[in-house]
Amino acid sequence: MKFLTITLRGIRNFDQKTIQFRDGLNIICGPNESGKTTIVDSLLFSITEEGQYVRDLIQWESDHSSITLQYETDEGEVYTLIRILCPEEKSTLENGGILEDKGAIRSMLKDHFGCIIRVVLENSAVVKHNEMEIMRKVGSRDIIKEQIQAFLTGGTKRSPDEVMEILERSIFQTDRVLIDIDNEIEREHQNLQPFLGTTERYEKLVNEKTVYQEDMTRFQELKETHKSRVQYGDLVQEIKHLEKIRDRVEDSESYIQSIPFEKIKENEDLHRELEATEERIKAIIINIEGREQELEKLSKEQEKTSGFLSRLLGPLLGKSSSEEMRKKIDVNKDLLEGDRMHLNRMEREYREIQDRIRALEIEIGSFRGKSYEELIHIKQEKQQEQRVILEGRPMEEITAFISQRINERDELRSTIFRRNPNLLEMDDDTVKKKLEELEQKTAWLIDEIGNIERELAETEIRKEEAERINERLAHLRSQKEELNMKKEVDKIAKKTLEEVYTGLKEKFIPQLQERAGAIFEKITGGKYTELVIREEDLEVFVKTPERLLGTSTPGQGREDRYLSLKIAHAALSQGTKDQLYLSLRMALSAIVSGGKALPLVFDESFYTSDELRLKETFAVLQHIAQTNQILLFTHNEEFLHYGNPIVLASEGQ
Amino acid sequence: LELENKVRTVTEAFKKKMIEHIESEEDVEQKRIFQKALDRGMELLEGRQ
């Protein structure tokens, strides 16, 4: 893998600049502000599209900004990557065809460079500024560890070790809180003891109350029906009583109405008339008897005067003549006849009166023998009796009242029939007895419900307290559950992180050891043959080739053996440290790229090195440059002769 | 000597492993715990917590 050219248009201080790189060691030299770092940033940005410098890259007031990077893969294929930043962002990757899809470009770049995470690339392939100098001052261990970790994590803000420590701490703290919560749960359990069964008791009481209230409702309904039935019975009795009053009054009234006052009066009149007629008849009879006697007397006298002498002497003696006598007799006879006729008429009248009386007496019937006055008295008595029966009320009122009561009775009967027809079959006393029983039962139920309600009120207070404790317990349990989940989450996160981190280290460290060891052996000309990285702390050791050394073992004396020396990197000379460091960076870079030899970039990495150190370093770099393209950016023109010189003009030139 | 191409960093490996757990887990509750563990780990690694 090597960079061929990079063309910057409208990027920072470059209006348009193309730099052509060669194989091996390229020394890109320019004074300060000549754009060395811009080229490094542009390279990294082209590959990764990451970095806070993106906007900074665009030249002020430029209407076009782009970076064109041409590179050649290990397979000899040449690609042109164009990143247009302005006027609008656009990327293309050309290799015969043109790729414009961002995802496809990223995928292709990842294939070519192995990794397109800027931090990882920077930590493996870019040796920055005075990094080598810092390494010398603080010791390579930390720098190496930093590089390795940055590579392993992919440039996360926290290292896996830090994250695992945080998780461990979190698990520990969660455990402590869980213990507190368990203690609190235990305390609340103790608090709950006196209230155990309260809820059940409350529910039982509520159920009992419901049952009693249902019974109560049922009994009330039954009571109402029975009351209606009693009322019905009372109404029946009342109606009977009223009807009796009505009947008695009606009977009395009928009796009064049946009294034939007119006929009695007529009868009495007729009796008086009969008596008068009888008197008159008697008088007529006496009169007739008197006339008959007179006539007899006259007849006799006439007989006497009818002789000659009487007829002669009569008028002389002042005596009536027979003519006169005859006349008198005739008159008397006429009168008698008249009397007799009168008598006959009277006797007829008498009989007629008698007939009328008989007829009347038949009509009068049972009232016969009672005088008109007596009957008037009876009538008055009956009327008085009616008033007493009616108690002063008019009969119409009683009649209307009976109708009203009958309607009420019929309505009640219908209601009772609908609710409980059997009640209509029962007698009043049985119903009243049952009603009394119902009254007793409802009274008992009222008492019981009252007792339950009182106990309910007390139990409710206790229940509320129990509920409060239970709520608290539920809250604590929920907290505990959440914390257990948090703990579980932390444990899983830690365990998984530990596994993958260890796995990566296990996979990566041997590769790094082997690859860096091989480079180191080459660079040091076989002075050191092996490189060892301790997994737990990433401490680096180097090993010498085996050589004959004298060793002493307690009890066995001294003997000579072929042994390899394992030397901690801290004990190495500074030059060897630099060699070791560069070997590791190269190995890292190779691993990042998946075995590809990525170009190594050095950005003002050696500006503080003295002449001797520089010579040693460049010897190493030239060695590395046999396999990896190297881009070394420097302001020091003295470096130019170590490789292919590329001179950058200062700003404005 | 190459690292597996698809997984090159702890973050990626962690994410991949957790997603494997989540996908292979049938229990919904446990799935949820794995998802939370993934979020928790990622947030810590990326410094969001």
Side-chain angles (χ1 to χ4, degrees), chain A residues 110-111 114-117 119-120 124 149-167 170 481-482 484-505 507-508 510-515 518 587 590-596, chain B:
Chain A
K110 196 171 180 182
D111 252 11
C115 172
I116 53 170
I117 301 168
V119 178
V120 176
S124 55
Q149 275 189 339
F151 164 72
L152 283 173
T153 58
T156 52
K157 289 268 174 69
R158 285 200 189 95
S159 72
D161 289 325
E162 277 178 303
V163 171
M164 284 188 287
E165 200 183 318
I166 290 169
L167 287 169
S170 171
E481 202 176 310
E482 273 178 31
N484 273 325
M485 180 181 270
K486 183 176 180 289
K487 186 177 152 186
E488 182 68 10
V489 164
D490 284 352
K491 279 168 84 173
I492 290 171
K494 181 173 175 277
K495 185 169 172 274
T496 310
L497 188 60
E498 215 162 18
E499 276 173 15
V500 297
Y501 188 43
T502 308
L504 277 179
K505 279 198 288 189
K507 199 188 272 186
F508 165 72
Q511 288 187 55
L512 186 62
Q513 280 179 169
E514 194 170 330
R515 196 173 281 271
I591 293 168
V592 162
S593 63
K596 298 173 181 66
Chain B
L1 287 170
E2 287 181 10
L3 279 179
E4 188 188 349
N5 270 341
K6 288 178 185 171
V7 179
R8 296 185 183 283
T9 67
V10 168
T11 314
E12 284 172 326
F14 176 74
K15 204 170 180 177
K16 183 173 179 273
K17 188 83 179 170
M18 289 310 306
I19 288 169
E20 276 172 11
H21 283 319
I22 293 164
E23 283 175 352
S24 63
E25 183 59 57
E26 285 181 1
D27 182 73
V28 178
E29 185 57 23
Q30 198 57 32
K31 219 181 239 296
R32 200 161 72 90
I33 291 174
F34 280 133
Q35 182 61 52
K36 278 175 172 279
L38 167 62
D39 297 341
R40 172 89 163 132
M42 290 305 288
E43 281 169 1
L44 286 172
L45 283 167
E46 289 166 4
R48 286 185 277 127
Q49 266 190 11

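Lettering follows sequence order; numbering is per chain, from 1.
- Contacts between B:Glu29 and chain A at a heavy-atom distance below 4.5 Å involve the side chain alone, from C-beta outward.
- No more than 12 heavy-atom neighbours from other residues, nucleotides or ligands sit within 6.0 angstrom of NZ on A:Lys491.
- Note that CG of B:Leu45 and CZ of A:Arg158 are 8.5 Å apart. Values are rounded to the nearest 0.5 Å.
- Remark: A:Lys505 NZ is packed, more than 12 non-hydrogen atoms of other residues, nucleotides or ligands lying under 6.0 Å away.
- For the pair B:Ala37 and A:Ala493, the tightest heavy-atom approach, listed with the atom from each and the gap, is O-CB, 3.7 Å.
- Using a 4.5 Å cut-off on side-chain heavy atoms (C-beta onward), A:Ile492 and B:Gln30 make contact.
- Between A:Glu162 and B:Leu44 the shortest side-chain heavy-atom distance does not fall below 4.5 Å.
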**OP:** Carefully, step by step, assess B:Lys36 and A:Glu488 under the rule side-chain contact (heavy atoms from CB on, under 4.5 Å).
**Re:** CA-CA 10 Å; B:Lys36 278 175 172 279; A:Glu488 182 68 10; over 6 Å; no

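- Interface residue A:Lys486: only side-chain heavy atoms are found under 4.5 Å from chain B.
- Note that the OG1 atom of A:Thr496 and the NZ atom of B:Lys16 stand 13.0 Å from one another [nearest 0.5 Å].
- Residue B:Arg40 holds its CZ atom at 12.5 Å from NZ of A:Lys494, rounded to the nearest 0.5 Å.
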